[in-house]
Protein chains: 2
Amino acid sequence: MSLDKRKVKILKAIIASYIDNAEAVGSRTISKKYELGVSPATIRNEMSDLEEMGFLTQPHTSSGRIPTDKAYRYYVDELWTKALGAQDKNMRQIIRIVDEEANELDSILRNSVRILSQFTKYTSFIVAPQLKKAVIKRIQLVPVDENKILLVIVMQNNIVKQVMLKLNKPIPFDQIDRISATLSKKLSGYMLEDINAQLKESLIQELYHIRENAGDSLFELVNFLSTNLGKFEDLNVYSDGITNILNLPEYNDLDKAREFISFVEDKDSVAKLFQTENENDMTVSIGHENSYKELSDCSLITATYKFNGKIIGKIGVIGPTRMDYQKVISAVKSMSEAMNEIIDQNFTEQDNNKE
Amino acid sequence: MSLDKRKVKILKAIIASYIDNAEAVGSRTISKKYELGVSPATIRNEMSDLEEMGFLTQPHTSSGRIPTDKAYRYYVDELWTKALGAQDKNMRQIIRIVDEEANELDSILRNSVRILSQFTKYTSFIVAPQLKKAVIKRIQLVPVDENKILLVIVMQNNIVKQVMLKLNKPIPFDQIDRISATLSKKLSGYMLEDINAQLKESLIQELYHIRENAGDSLFELVNFLSTNLGKFEDLNVYSDGITNILNLPEYNDLDKAREFISFVEDKDSVAKLFQTENENDMTVSIGHENSYKELSDCSLITATYKFNGKIIGKIGVIGPTRMDYQKVISAVKSMSEAMNEIIDQNFTEQDNNKE
DNA sequence: ATTAGCACTCAATCGAAGAGAGTGCTAACA
DNA sequence: TGTTAGCACTCTCTTCGATTGAGTGCTAAT
């Protein structure tokens with residue numbers, strides 16, 4: 001049995017209808033709504049074939065058919081190039097809002113994930129860049145209090161991270177800028193995770209020159225740098241629109257809804273989910289293709305975002321397998337590209353001056 | 001008809017039972033479970049009286065009674081001092097986690113609201129301090145890029161706020177520390193919302209002394225300060241545990257759940273809700289006492305948190321009117337006090353040195 | 001190869017019957 | 001006079017059979 005032209009037409013019609021209504025599709029519906037020029041009986045025969053081929057199932061013997069994961073897979077593979085080409089105008093327009101309000105990475109990501117979920121009406125995620133892989137450009141200490149100090153780290157990619165340090169001994173305020181300068185000089189070029197014992201030693205040496213009697217607090221400071229900077233927020237996941245699923249008929253069952261919510265609210269499992277996805281620009285995992293059984297009724301659409309040509313994070317949308325793939329794929333693609341642009345604009349070195 | 005001792009006992013028993021089970025309470029249940037030494041018939045008579053007095057209602061003629069808002073109000077007023085006295089041991093223990101991980105205000109608030117919701121099993125909120133009322137202590141500019149600069153503002157209360165500035169003209173890097181010092185000197189002591197045209201003028205004057213040809217970017221910088229600092233995040237609301245309500249029998253109805261969720265997910269209305277609450281240390285609004293009709297089946301318990309004796313923000317829990325008031329009130333109280341301590345420890349000036 | 005016709009299937013809906021929890025009232029009792 | 005046993009009554013909730021209706025599969029005709 002082969003998937004001839006008419007079968008394809010019927011299959012697509014069934015998928016389209018099911019995506020729309022979430023209701024099993026009968027032969028009459030297809031013959032009426034979609035002009036195929038054949039009677040319901042013929043369609044019934046074809047549907048029976050399609051079921052045998054694994055593209056359709058029946059919830060029960062006397063009901064219409066619903067598409068299987070295999071059907072969605074076929075459907076997505078078919079529309080793939082088309083969906084990728086389709087730039088969503090509305091989406092692009094909305095994304096501009098992010099751009100205008102953008103300044104810190106945090107707010108860019110927060111806004112982006114919100115827009116993605118509002119636009120697709122599904123639960124959306126953004127995995128933030130792993131900071132520990134970022135390269136240090138400059139370090140500035142800002143005195144806050146007698147023994148509290150704000151450590152501002154500017155990365156090579158212009159992302160800024162700040163940590164409040166509480167030290168047991170007071171820091172010599174009058175030398176703070178010199179200390180900052182020394183830290184910058186010694187640490188720029190290193191990744192956060194690179195700061196090891198060796199580097200620490202030479203740093204201590206250098207800092208002693210500035211002020212000998214402040215050794216204690218400086219030592220504490222450097223200690224903090226070497227022990228804590230490497231493990232900065234390994235998996236920071238932004239999510240939005242989790243409660244959107246309550247609007248979907250497939251989650252009218254409260255238990256199902258609860259199960260879904262407790263899965264996606266757990267940032268660890270979501271982070272793992274995105275980690276297991278390979279590094280393709282875009283992926284679509286349908287139903288049982290997902291590694292987590294909790295998502296066997298869901299599809300996951302992911303994309304990456306980059307900086308300087310390197311993938312620094314991922315975005316994704318999770319919805320029911322019965323989702324508007326065309327729309328969601330192009331939305332995720334648009335968002336991914338928009339984020340690339342925005343991050344480029346906001347974090348690219350404008351000039352090569354190293355002071 | 002007066003609320004004699006036995007009526008009170010019965011009323012409390014009914015409330016306790018209803019809080020437990022969410023099911024209308026019958027006379028037999030009361031007479032069995034709670035030792036009152038009287039027959040169901042007697043209790044029926046008393047219940048009838050209590051209904052007449054407005055403390056109970058019947059969902060339908062042949063069902064048990066459920067407490068009215070008035071009953072909860074009476075109940076809460078009765079246990080008020082007791083609940084306030086009860087420090088929850090578990091709660092205090094959990095709160096320590098916040099304390100240990102505390103450094104930035106943001107993470108303190110985020111952790112606190114999470115703990116509050118996990119502990120009470122209800123939706124919890126924290127309204128962040130209004131930054132525009134905070135007094136500036138120090139300003140530090142951190143160069144990031146040719147024409148991008150991080151503005152770090154340390155407040156008198158040691159809260160730190162940073163904004164990334166994108167300027168059209170490059171900033172003179174070599175004078176950045178002098179500019180920072182000047183900004184600090186001129187602006188410290190003012191509130192963010194105080195920075196007006198007058199102050200702006202004198203600031204510009206002073207900065208020109210540093211570097212005349214950099215006037216454009218300095219002007220831009222000062223302009224930004226005066227126009228944007230005053231309107232910093234007027235109503236930053238943290239929330240957690242919104243989906244907890246899906247576990248409550250009263251929200252088995254998906255439409256009700258959706259209505260609730262869409263209300264509490266709207267930070268604006270939540271912020272307004274907390275604004276309308278007066279400045280008492282603790283408030284309890286039961287059912288229709290709430291200003292929003294969306295919350296007429298809910299109770300809101302709020303408390304404040306302070307810094308230097310001044311209220312700087314609010315916390316609150318929203319649950320069904322049938323909530324364990326005793327537990328929630330003491331949890332909110334404990335959290336409020338814990339936050340006071342934590343904020344005190346983290347943000348109090350350790351020393352009076354002004355450099 | 002297509003299609004009209006028809007018997008068949010099965011979930012969903014509807015309604016009547018019955019169960020059960022609870023009340024209000026009355027009359028008896030301490 | 002307050003309390004209580006007894007009983008009829010009310011009303012929701014559950015159960016279960018009947019009905020409906022959408023949809024199928026098969027057969028025979030075109």
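Just so it is clear, the values below take in all heavy atoms, side chains as well, and ignore hydrogens, waters and symmetry mates. Chain letters run A, B, ... following the sequence lines, proteins first, then strands; residues in each count from 1.
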What residues in residues 41-63 of chain B put a non-hydrogen atom under 4.0 Å from any atom of DNA chain C? B:Arg44, B:Met47, B:Gln58, B:Thr61, B:Ser62, B:Ser63
Within the 4.5 Å heavy-atom criterion, are A:Leu273 and A:Ser291 side-chain neighbours or not? yes
Please answer whether the main-chain N or O of B:Gln118 pairs with a side-chain N or O of B:Tyr122 as donor and acceptor at a distance below 3.5 Å. no
Does the side chain of B:Phe260 reach to within under 4.5 Å of the side chain of B:Cys298, using non-hydrogen atoms? yes
Between B:Phe125 and B:Val264, is there a side-chain heavy-atom distance shorter than 4.5 Å? yes
Which pairs would a plain distance check flag for residues 4-29 of chain B, meaning a side-chain donor or acceptor within less than 3.5 Å of a matching protein atom at least two apart in sequence or in another chain?
from    : atom 1 : to      : atom 2 : distance (Å)
B:Asp4  : OD1    : B:Arg6  : N      : 3.1
B:Asp4  : OD1    : B:Lys7  : N      : 2.9
B:Arg6  : NE     : B:Glu46 : OE2    : 2.8
B:Arg6  : NH2    : B:Glu46 : OE2    : 2.9
B:Lys7  : NZ     : B:Glu46 : OE1    : 3.0
B:Lys7  : NZ     : B:Asp49 : OD2    : 3.4
B:Asn21 : ND2    : B:Ser17 : O      : 3.3
B:Ser27 : OG     : B:Arg44 : NH1    : 3.3

Contacted region of DNA chain C by chain A, from 5' end to 3' end of the hits, cut-off under 4.0 Å to heavy atoms, spans C:dT2 to C:dA11
Nucleotide D:dG21, atom P - distance to CZ of A:Arg28 in whole Å: 14 Å
Applying salt bridge (charged side-chain N to carboxylate O under 4.0 Å, His left out) as the test, list every pair that has at least one member in residues 112-127 of chain B; sequence neighbours left out. B:Arg114-B:Asp240
Only pairs at least two apart or in different chains count here, so list each salt bridge (charged side-chain N to carboxylate O under 4.0 Å, His left out) that has a residue in residues 320-336 of chain B. B:Glu250-B:Arg322, B:Lys333-B:Glu337
Go through the structure and list residues passing side-chain hydrogen bond (donor to acceptor under 3.5 Å, both in side chains) with B:Tyr251, not counting sequence neighbours. none
Taking DNA chain C as the partner, which of residues 8-24 of chain B come within under 4.0 angstrom of it by heavy atom? none
Name every donor-acceptor pair, under 3.5 Å, that has one atom in a side chain of residues 60-76 of chain A and the other anywhere in the protein, sequence neighbours excluded.
from    : atom 1 : to       : atom 2 : distance (Å)
A:Ser63 : OG     : A:His60  : O      : 3.1
A:Arg65 : NE     : A:Glu51  : OE1    : 2.7
A:Arg65 : NH2    : A:Glu51  : OE1    : 2.9
A:Thr68 : OG1    : A:Gly54  : O      : 2.7
A:Thr68 : OG1    : A:Phe55  : O      : 3.2
A:Thr68 : OG1    : A:Lys70  : N      : 3.3
A:Thr68 : OG1    : A:Ala71  : N      : 3.3
A:Asp69 : OD2    : A:His288 : N      : 2.9
A:Asp69 : OD2    : A:His288 : ND1    : 2.8
A:Lys70 : NZ     : A:Met53  : O      : 2.7
A:Arg73 : NE     : A:Glu289 : OE2    : 3.0
A:Arg73 : NH1    : A:Asp77  : OD1    : 3.1
A:Arg73 : NH2    : A:Val284 : O      : 2.7
A:Arg73 : NH2    : A:Glu289 : OE1    : 2.6

Any residue meeting side chain to side chain contact (heavy atoms under 4.5 Å, CB included) with A:Glu265, in chain and number order, not counting sequence neighbours: A:Ile242, A:Ile261, B:Thr243
Could you tell me if the side chain of A:Phe274 sits less than 4.5 Å from the side chain of A:Leu300, heavy atoms only? yes
Partner residues of B:Asp255 under the salt bridge (Lys or Arg N to Asp or Glu O under 4.0 Å) criterion, sequence neighbours left out: B:Arg258
Side chains of A:Ser239 and A:Val270: closer than 4.5 Å at any heavy-atom pair? no
What distance do A:Leu116 atom CG and A:Ser336 atom OG have between them, rounded to the nearest 0.5 Å? 10.5 Å
Sort me out a list of protein N/O and nucleotides 18-20 of chain D N/O pairs below 3.5 Å, or just none if empty.
none

Given axes from five pairs at either end, by how many degrees does the helix from C:dA1-D:dT30 to C:dA30-D:dT1 bend, rounded to 10°? 20°
I need the B:Ser117 OG to B:Ile318 CD1 distance, nearest 0.5 Å. 12.5 Å
